Amino acid sequence: MDRIALISDIHANVPALTAVLSDITARGIDRVICLGDLVGKGPQSDLAVDICRDRCEVVVRGNWDDFIGDPARNDAQRWHQDQLGAERLRYVKSLPLSVDVLVSGQTVRLFHASQTSVHVRVLMSAEQSVHLAMFDNTDLTGAGSVPDIVGYGDIHRSYQMGYGHRLLFNAGSVGNPLGTTKACYAVIEGHVGSDEDGPFGLQLLQVPYDAEATLATARTMEMPHFDALAHELRTGQYAGAMRLD
């Protein structure tokens with residue numbers, strides 16, 4: 001059977017990204033899809049973009065990717081823009097919003113936050129009607145086959161939930177995980193590209209990494225929001241919005 005690794009919410013944390021990609025390679029997985037938010041929060045947005053661009057066969061746009069290049073409203077946003085440079089800012093803003101993959105006769109739809117916008121957050125605790133709406137075709141997803149399986153990122157917490165024949169899951173966050181201090185990602189398994197009904201598997205994985213190395217880089221670079229980032233990486237608990245507006 002085929003396997004595809006799904007990474008999301010890298011947030012410029014290169015040690016976490018490197019650890020996850022090393023784990024993916026060790027498992028013999030060649031195909032990687034990124035569900036967005038390559039940039040921001042952490043100190044090395046430029047390297048995170050370059051690595052994902054080289055390693056991932058598809059990268060979809062996250063909310064940070066979407067707004068980071070907008071006219072800067074404060075010094076923090078300008079700091080992140082300076083790390084990225086003009087060409088990378090254009091690249092992340094141009095990323096697609098959704099991708100569909102056929103696996104064992106099922107359509108797997110992948111996007112960053114929701115079926116309507118990269119800026120609309122859907123929590124694990126959302127009402128069932130909100131979760132079921134994630135399977136709708138919209139302007140963001142395009143008009144295609146209604147998906148059987150939906151995977152997304154954005155909320156930084158891994159979970160899976162079944163609704164009859166449908167499956168909704170979150171891949172968690174590589175670079176800014178919540179609920180754990182380990183880098184998270186997902187693996188889907190089945191016959192990729194086949195329209196025949198067949199076996200399908202989903203793994204939600206966690207990988208240890210050196211968070212102090214990330215924080216040492218952030219401190220050396222005098223990155224904005226250092227204290228909030230340090231709290232989140234060391235505890236796995238949300239420190240509050242790192243606002244750039």
Side-chain angles (χ1 to χ4, degrees), residues 1-62 64-65 80 83-84 88 91-92 95 99 101 103 108 110 112 151-160 169-190 192 200-221 223 229-230 232-236:
M1 287 198 293
D2 308 304
R3 291 179 294 170
I4 302 175
L6 307 176
I7 64 175
S8 188
D9 296 272
I10 315 305
H11 284 301
N13 187 339
V14 170
L17 177 59
T18 300
V20 164
L21 291 177
S22 293
D23 191 70
I24 290 168
T25 299
R27 293 172 187 272
I29 301 172
D30 297 323
R31 303 182 68 178
V32 183
I33 294 176
C34 180
L35 307 187
D37 272 9
L38 285 64
V39 305
K41 287 182 176 278
Q44 294 178 289
S45 291
D46 53 347
L47 290 179
V49 169
D50 292 347
I51 293 169
C52 289
R53 208 169 174 177
D54 178 66
R55 185 67 176 83
C56 301
E57 66 177 59
V58 179
V59 181
V60 300
R61 192 191 324 166
W64 278 72
D65 308 318
H80 287 287
Q83 307 312 311
L84 285 160
R88 293 187 189 91
Y91 167 74
V92 296
L95 292 170
V99 61
V101 182
V103 183
V108 181
L110 304 168
H112 179 68
Y152 70 113
D154 185 56
I155 63 173
H156 296 202
R157 293 178 184 266
S158 304
Y159 78 90
Q160 60 177 310
F169 72 92
N170 192 284
S173 172
V174 169
N176 191 231
L178 298 177
T180 179
T181 57
K182 294 183 178 180
C184 299
Y185 77 103
V187 173
I188 55 175
E189 184 176 31
V192 176
F200 177 87
L202 169 67
Q203 287 183 290
L204 300 177
L205 301 163
Q206 297 185 357
V207 180
Y209 77 98
D210 188 355
E212 293 305 319
T214 305
L215 295 175
T217 298
R219 186 183 294 109
T220 298
M221 296 176 68
M223 189 199 77
L229 180 70
E232 291 186 354
L233 297 192
R234 287 168 174 162
T235 68

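Position 1 is the first residue of the sequence; numbering continues from there. Keep in mind that this is a model prediction, so the values were computed, not measured.
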Legend entry - Candidate pair Tyr209 and Leu233, rule side-chain contact (heavy atoms from CB on, under 4.5 Å), full reasoning: CA-CA 10 Å; Tyr209 77 98; Leu233 297 192; 3.6 Å; yes

Inset, instruction - Could you check Ile33 against Cys56 for side-chain contact (heavy atoms from CB on, under 4.5 Å), going step by step and ending with a plain yes or no? - result: CA-CA 5 Å; Ile33 294 176; Cys56 301; over 6 Å; no

Legend entry - Tyr185/Leu204 under side-chain contact (heavy atoms from CB on, under 4.5 Å): CA gap, chis, key distance, verdict: CA-CA 6 Å; Tyr185 77 103; Leu204 300 177; over 6 Å; no

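In this structure, Lys41 NZ and Leu229 CG are separated by 8.0 Å, a value rounded to the nearest 0.5 Å. Between Leu21 atom CG and Leu17 atom CG the span is 4.5 Å, to the nearest 0.5 Å. Cys184 SG to Arg157 CZ: the interatomic distance, rounded to the nearest 0.5 Å, is 10.0 Å. Here Asn170 contributes atom CG and Tyr152 contributes atom OH; the two are 5.0 Å apart, rounded to the nearest 0.5 Å. The distance from atom CG of Leu38 to atom CZ of Arg88, rounded to the nearest 0.5 Å, is 11.5 Å. Between atom OG of residue Ser8 and atom CG of residue Asp154 there is a gap of 7.5 Å, rounded to the nearest 0.5 Å.
Under the 4.5 Å side-chain criterion, counting only non-hydrogen atoms from C-beta, Asp9 is not in contact with Val174. Using a 4.5 Å heavy-atom cutoff, the side chains of Ile24 and Ile7 are in contact. Side-chain contact between Ile29 and Thr25 is absent, with no heavy-atom pair separated by less than 4.5 Å. Under the 4.5 Å side-chain criterion, counting only non-hydrogen atoms from C-beta, Leu35 is in contact with Val60. Within the 4.5 Å cutoff, no side-chain heavy atoms of Glu57 are placed close to those of Val32. Using a 4.5 Å cut-off on side-chain heavy atoms (C-beta onward), Lys182 and Val207 make no contact. Looking at heavy atoms from C-beta onward, Leu202 lies out of side-chain contact with Val187 at the 4.5 angstrom threshold. Contact of the Asp37 side chain with the His112 side chain is registered, since non-hydrogen atoms from C-beta on lie closer than 4.5 Å.
Donor-acceptor pairing under 3.5 Å is lacking for the side chains of Asp65 and Tyr91. No hydrogens or angles considered: a donor-acceptor pair under 3.5 Å links the side chains of Thr214 and Asn13.
For the residue pair Ile10 and Ala48, the shortest heavy atom distance occurs at CG2-CB, 4.1 Å. In terms of heavy atoms, Ala213 sits closest to Pro15 at CB-CG, 4.2 Å. Nearest heavy atoms, Ser158 versus Ala171: OG-O, 3.6 Å. What you find for Pro43 and Ala218 is that their closest heavy atoms are CB-CA, 3.7 Å.
In terms of modelled atom types and a separation under 3.5 Å, the side chain of Thr181 and the main chain of Gly236 share no donor-acceptor contact. Side-chain atoms of Arg31 never come within 3.5 Å of backbone atoms of Ile4 as a donor-acceptor pair (strictly under, hydrogens ignored). Between the side chain of Ser45 and the main chain of Gln83, no donor-acceptor pair closer than 3.5 Å is present.
Counting only residues at least two apart or on different chains, the ring pair (Phe, Tyr, Trp, His ring centres under 6.0 Å) pairs with a member in residues 9-32 are His11-Trp64, His11-His156.
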